[in-house]
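Just below is one structure, and these are the notes that go with it.
Lettering follows sequence order; numbering is per chain, from 1.
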2 protein chains.
Amino acid sequence: MQTQQLDRTFAALADPTRRAILMRLMDGDALLKDLAEPFDMSVPAVGKHLKVLEEAGLVSRRRDAQRRPCHLEAEPLKIAVDWLEEYRQFWEARYQQLDALLAEKNKE
Amino acid sequence: MQTQQLDRTFAALADPTRRAILMRLMDGDALLKDLAEPFDMSVPAVGKHLKVLEEAGLVSRRRDAQRRPCHLEAEPLKIAVDWLEEYRQFWEARYQQLDALLAEKNKE
DNA sequence: TTGTTTATAAACCAAATAGTTTAGTACAAT
DNA sequence: ATTGTACTAAACTATTTGGTTTATAAACAA
């Protein structure tokens, strides 16, 4: 199943540091050193966040001498959106007077 | 900021029990007792999951005598999707040969 | 060879999470 | 008045999370 994939993806996204890292990687690959720089946090701490992102498949790393550049992988995000899209009818209904219909359903 | 809102929403979604509860509430409001029934878990345990969902604003509860029926609130899901949508260009690009462009950016 | 850069490992800690059981409250129904 | 139903509170426990510091490794540069 992809339920564990969703677990890991959503858990990875539940932290502001990790979301900021993903944002940053939208502008291009980056080193741990540089990713860590904007945060008031040690390099190993950011390294751990990176591991969480890697294990969720949101980030991949290649080798370049002693460096390990990080690359954004969007596939798990796509899966997460797909899951959330199922609820779209719900919030779209709100703007379309379908509330009455749902309220009726809840009377049972 | 809505960063804490995102924290709580994604954290709430990172658990399969909680996602199942949300799914279930798509079919209409429900009592804790009934929500708990399908799970191999005590009622208080499911009650705690419900509290997480409530604190994320994903579920609201009204009063009905000794019952406290749960209702799905989709707004935080919408906010989560909005955040994720920023990455859509990324996974759509993959299917449009824009990878070359990104690769070039990463050479710097 | 010595030092510098980048990353990781290990040991540690505090706080949060996810569950349990037991007990109690609030209301309804008989 | 008593019993049953739905929920909540409290106390406890084990595991995970998110950070620290110190030390080490690996590759490069002088």
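Atom CZ in B:Phe39 sits roughly 18 Å away from atom C1' in C:dT20 (whole-Å rounding). If you take CG of B:Leu53 and P of C:dA18, they are 11 Å apart, rounded to a whole angstrom. Here D:dA26 presents its C1' atom at 15 Å from CG of A:Leu32, a figure rounded to the nearest Å. Nucleotide D:dA25 holds its P atom 15 Å from the CZ atom of A:Arg63, rounded to whole Å. Summarising the geometry, the separation between CZ on A:Arg18 and P on D:dT17 is reported as 9 Å, rounded to the nearest angstrom. Put simply, CG on A:Asp7 is 14 Å from C1' on D:dT16, counting in whole angstrom units. Distance, B:Asp40 CG to C:dG19 P: 11 Å, rounded to whole Å. Between B:Arg19 atom CZ and C:dA18 atom P there is a gap of 12 Å when expressed in whole angstrom units.
Closest approach of B:Arg61 to B:Cys70, counting heavy atoms only: NE-SG, 3.6 Å. Closest of all the heavy-atom pairs between A:Pro76 and A:Leu58 is CB-CD2, 3.8 Å.
Ring geometry for A:Trp83 against A:Phe10 counts as perpendicular: the plane angle is over 60°, on a 0 to 90° scale with 30° as the lower cut.
Applying the 4.0 Å criterion to OP1 and OP2 of D:dT8, one finds that B:Arg67 has every side-chain N and O outside that range.
B:Arg61 comes within contact range of the sugar-phosphate backbone alone, with a heavy-atom separation under 4.0 Å but no base atom that close.
For B:Leu31, the side-chain atoms get nearest to D:dC7 when compared with the rest of C:dC27, D:dC7, D:dC28. Distances were taken from every side-chain heavy atom of A:Gln66 (C-beta onward) to each of D:dC7, D:dT5, C:dT5; the shortest belongs to C:dT5. With D:dC28, D:dT21, D:dT5 as the candidates, the nucleotide lying closest to the side chain of A:Ser42 is D:dT21.
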Residues A:Arg19, B:Thr3; criterion side chain to side chain contact (heavy atoms under 4.5 Å, CB included); working and verdict: CA-CA 10 Å; A:Arg19 288 198 305 275; B:Thr3 178; 3.0 Å; yes
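Of the residues in residues 43-51 of chain A, those placing a heavy atom less than 4.0 Å from an atom of DNA chain D are A:Pro44, A:Ala45, A:Lys48, A:His49, in numerical order.
Between the CG atom in A:Leu77 and the CG atom in A:Asp82 there is a gap of 11.0 Å [rounded to 0.5 Å]. Rounded to the nearest 0.5 Å, atoms CG (A:Leu53) and CG (A:Leu25) are 8.0 Å apart.
Nucleotides of DNA chain D nearest to B:Pro69 and A:Ala11 differ in position, and the one nearer the 5' end is that of B:Pro69. Comparing A:Asp15 and B:Arg68 by the nucleotide of DNA chain D whose heavy atom lies nearest to each, the residue mapping closer to the 5' end is B:Arg68.
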Validation: residues 33-50 of chain A side-chain donor-acceptor distances under 3.5 Å, sequence neighbours left out:
{"residue": "A:Ser42", "atom": "OG", "partner": "A:Ala45", "partner atom": "N", "Å": "3.2"}
{"residue": "A:His49", "atom": "ND1", "partner": "A:Arg18", "partner atom": "NH1", "Å": "3.1"}

